[in-house]
Amino acid sequence: MDPIVYVALGAALAAGIAGAASSFGVGIAGAAAAGAVAEDEKNFKNALILQGLPMTQSIYGLITLFLILLVSGILGGTFKFADSTQENIIKSAILLGAGLTVGLTGLSAIPQGIIASAGIGAVSKNPKTFTQGIIFAAMAETMAIFGLVGALIMIITGVGF
Amino acid sequence: MEINTITGILDTTLALIFTWIGYKTSRIIWKYTPYSYPNARIRAMEARFFTEQRFSELAESKTLNNFVMNLEDSDYKPYLSKLNSYTAETIDRAFDEALADTYALMFKILPKRVRQFFNLLLEEWDVRNISSVVKAKLYGEVARDYVAELGTMIEKIKAMAEAKTMEEILVILEGTEYEEVYQKLLLKEISVEEFETELYRMHYLKLLNFALSRGDEERKILEEFVKLKIDKINILTILRAKLHRLSSEKIKSMLLMEGSLSQRTIETLLNVEDLSMALAELDSTKYSEIVREVREELEKGDLASFEVAFEKFIRRKMIEFTRFYPLSVAVPVSYILQKESEVRKLKAIAKLIEDKIKPEKIKTIIGEIP
Amino acid sequence: MFKPDEMVKIEVITLNRYKDKLLTYFHEEGVVEIREISVEIAQKDVPNEFYRKATSYSIGISRLTEFLKSFKTETKGGIKEFFFPTPEVKKPYKYKGIEELVKEVESFLEKVEPEIKAIEQKLNTLSTEIERIKTNISILELLSLLNIDISYLRSTKMLEIVAGLVDREKFKPLIDELNTALKGRLVHVEKEMKAQYLVVFVILRRDYDKANPILAKYSFERIEIPEGKGTPREMIREYRHLLAEKERRLEDVKREAQKLAERYHDKIAFYQELMENERDKANILSNLVRTNMTFALSGWIPKSEVLRIVKGIEKITEGKVYTSIKNPTQDELDDIPIKLKNPKPLRPFEMLTEMFGVPKYNEFDPTPILAFTYSFFFGFMLTDAIYGLIIGITAALLIKGHKHLKDGTYKFSHILLWSSFFTILMGILFGSYFGDILQRAGFKVPMLIDPLKDALIVLGIALAIGLMHLFIGYTLGFIVKLKNGEVKDAILDQLSWMLIILGVVSFILSMQGMMPDIIAKGLFGAGFVLFILSELKNGGLAALLIISDFFGFIGNWLSYARLMALALATSGIAMVINILVEMIWGVKIGPVPIGMAIALILFAGGQLFSTAINALGAFVHALRLHYVEFFGTFYSGEGKRFEPFKSKRRISKLEIEV
């Protein structure tokens, strides 16, 4: 395959999968937030913050997308790996790997949304559990963070600016 | 190996992984999303359950007027403020209405695949109402006093209570699932007790079938819940019969279907000599916790306290489920159980206040209500 | 610092007549945690008539307040109110005793309650009337399908007339069955509707009992015929008229209610607060015991407050009191409530420790360390000088505005202020101001490391910090356990990891050739042996956990990589916004530099969003690193929090007369 296909796929999958997962996560938590607020408006602030947690995965996806576009030169105007040399293919395959890593680990946004949803339930029963709820939800993000760390290393050491 | 083979293997692996992830993800989303809204809402409602503190404050009310006033900042306010006069009976009706609305709310907000269960739970009130109206009619009492204004067919129940003859009731029940059993009762094919048992048997069969037709956690939770309820009735029937030394054949006809207790345990329970041996047998089941809790009362032949302990046990189990499965049907089920308990306690307080019982006494009585 | 505040047990026995005042004194001071006494010979105290009334009034008044509040014209709200909430005026009340207070409230309520209830009643009747009229109109609209004069639909002496709805498929059998049962003595008018039939039956009065069950059987829904004369259409016009008039009246009554709210709301809210505090006192009574003449209470109090409180008790009871102050014994260790005690600048961070759980009395209070590492981690993960500045300014404003409240926002802003300091510092070190906007604009920015280019170095720093953090945790645990005499646990659970960490560090150093690797191997080996021993002490099966526990440690350590990831995420998002801005900047439509305007809006909005979302991330993950990784090494948080018996006063102030 041409290097451009790898690069474009990598960028698209990173932002795409992570973004889709984030929207599911935020959606699930959002339904819970609506339920909590329907009973008591005081729950609004707590529910809002918990609902926002699954959003970060899409941001990691976006960052990866931009980094891939940046290092491959698409964002500078000239695509660096246009020739199908072996080196170019390897580099663009690494970019695809990085994008996939962030995209797939970004799926953690869905369970994070589920945890946040249960957390919103717990918080509306007992507001004191707010921080605990946040921490539980943050646990699920660890995988996305590891994914981002891995992708950053792949992009920066494997391809470089 | 050729490059093509390698890319081929890689592509297949990728495709497999993506399919698997897609499948798993959609399963997760399908399973949890529908519960997100209702469960958060129910949790928020749970925050408004009355505490012990609140009950003892209510017990201190002295008059029904104060009692209603003390409830003015609660969810019951809209129902109570409709009343013109405060008697234990009118207040009772208001609470029933509140409870009926709770069922209706559950039905409205829960996902389609389980909401029917709450309608079925509501039907238990129909069964209760029908059997008490029929019994009241047979024993010549005022049927109206025994009707709880709850259930899926209140209007019919009310008409039944107004009916002058037993045949009129049959006309009203015509076309409902209760018709056949009632006809048997009229033809004296079965006794009133058998009639009642049959009503409950039909009801629990429906509950159980519904529970068994669900999948995953929903099935697990609902099945456990229904079977606990069945066990409660079965065990109580057996213990009561043992107390009156009925024959095992006779008891057997009074039992509902099989609950979570195995057939063997039931057989043993049926065939043991007396109550204390039945208790010993129960001690080896999962209900040993209850038996130990109320051992002394049981040995005195006090089955009411056993029933109370059993109710509490079911509630505990369901609350336990809500911890394991925070986004599941366990949350609404345990909410309903807690709400029913709260309403029972409030009704009792109202009645006791009307009877001019001392607050200290009320508090102890309330503590014993499931 | 490092240890919870010293607590002593206080026991007071005095005469019953001082009970009310003494409780009120404790309640207002709010430094004593009253515990239940179990003494067999004395009986538990119960609320008297006045406390009961206070409870009942507090609920009753809260309803009135709520009602009035809904009519009070509010002018508050908005961003200014968020930063600078108007301080509530605390109205003083001279407290002579609960009797006086309850009587005062009683006489006030006697005057005011009927007024409010009357208005409420009016509102309710009007709304129900309006509701009824509306239902009547909808019924009439239904009946207008038949176009029969309404007076024909009323039952007479001989005839029973019932109107109602029945499901479409039940209509036919219903008519048939009624006809057979009544032997044809039946007249009906029907009108077909969508899923139902509208039917009016005319039956003989003496047949009614026969017909009724049949109607019930087919779930016949009866319709109440509204009052009035004429055809439905005529009546609808009349009812519409009536409705408009009632609605006008409703508006009038609402205005009346507003006036009432202006006059009474504040006063009623004041009494509500007083009553709620009395209710609180009534509830503590069950923790007391009493005899005919005396009562006793016991509780915990910080040592620093003892002298003042004992003096206060003496004064209130005119010296007729027995007070005993005892230091806690070893048996009571688990019972002592924990109040954290730290120097003022660190105090806001107690909130974070308390959220996890307070230490036991003989354990270590990690707040001072957490205060430093938390704000540092926050700064590391945000790493942008200007973001730090934005957060710092916001926090400073909030601190200023909430000074008089000393609420959660106030404490939280303090934490943010400290964290913003580190954010700015790290931002300068990494040369990040709104990400790389300055570099893009062509300035040369001094920096130690470029986080995006030297990501691996940042990762190394993050992991080194993690190792250090964990080491501190294990060391603290080791010291506390040694001090409490749990030597075996200290060596097995904590020292093992300390040695392993030292081993890892010296291994890295030996790779650089700075020390022989035999030391590294020795340290690591010794630590690992201790670790295996600590696993085995829980029995043979626990050996299965060795691998998972060891990799648990590695996982904890690698978890600190999030420091780097979030730091890079901040600069990444900032960079994304900057790139977008750069792209739009030059766009022009004809001579109009439209791109510039859009770019500026995008820049401001984007960077603010980035600040918010990254600050949330930094807040959450800094907290997580402490709760999960750091506290996991040594801290249980199983202590009981100090919950003093304390009044809640927002708009009132109690002055006790002695």
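A note on names: the letters A, B, ... follow the listed sequences, proteins ahead of strands, and every chain is numbered from 1.
- One finds the CG atom of B/L121 at 6.0 Å from the CG atom of B/L207 (value rounded to the nearest 0.5 Å).
- Proximity to chain B (any heavy atom under 4.5 Å) is restricted, for A/I110, to the side chain, taken from C-beta onward.
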Please report, to 0.1 Å, the donor-acceptor pairs under 3.5 Å made by any side chain of residues 326-334 of chain B, with sequence neighbours excluded.
from	atom 1	to	atom 2	distance (Å)
B/S328	OG	B/Y325	O	2.8
B/S328	OG	B/A330	N	3.1
B/S334	OG	B/V331	O	3.3

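- Taken from CG in B/L71 to CG in B/L346, the straight-line distance is 6.0 Å, to the nearest 0.5 Å.
- The ring of B/F95 has its center closer than 6.0 angstrom to the ring center of B/Y76.
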Report all side-chain donor-acceptor pairs from residues 150-161 of chain A shorter than 3.5 Å, counting only partners two or more places apart or in another chain.
from	atom 1	to	atom 2	distance (Å)
A/T157	OG1	A/I153	O	2.5

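- Chain B forms the most heavy-atom pairs under 4.5 Å with one residue out of A/L107, A/V37, A/D40, A/I17, and that residue is A/L107.
- Comparing A/N126, A/L100, A/I28 by heavy-atom pairs within less than 4.5 Å of chain B, the highest count is held by A/I28.
- For A/N43, the part lying near chain B is the side chain, with the backbone staying farther off; criterion is any non-hydrogen pair under 4.5 Å.
- Here B/K317 pairs with B/E320 in a salt bridge; the nearest charged N to carboxylate O distance falls below 4.0 Å.
- Classification of A/E39 and B/R43 as a salt-bridged pair fails, no side-chain N sitting under 4.0 Å from a carboxylate O.
- Heavy atoms of A/I114 lying under 4.5 Å from chain B belong to its backbone as well as its side chain.
- Scanning residues 96-110 of chain B against chain A with a 4.5 Å non-hydrogen threshold yields no residues.
- Looking at B/Y35, there are no atoms closer than 4.5 Å to chain A (heavy atoms on both sides), in backbone or side chain.
- Highest contact tally toward chain A, considering only B/A44, B/A47, B/P38, B/S36, is held by B/S36 [criterion: heavy-atom pairs under 4.5 Å].
- For the pair B/K345 and B/F50, the cation-pi criterion (under 6.0 Å, within 45° of the ring axis) is not fulfilled.
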Side-chain donor-acceptor pairs of residues 135-147 of chain A under 3.5 Å, sequence neighbours excluded:
from	atom 1	to	atom 2	distance (Å)
A/E141	OE1	A/T56	OG1	3.1
A/E141	OE1	A/Q112	NE2	3.1
A/E141	OE2	A/T56	OG1	3.3
A/E141	OE2	A/Y60	OH	3.0
A/E141	OE2	C/H621	NE2	3.1
A/T142	OG1	A/M139	O	2.8
A/T142	OG1	C/R562	NH2	3.1
A/T142	OG1	C/R624	NH1	2.7

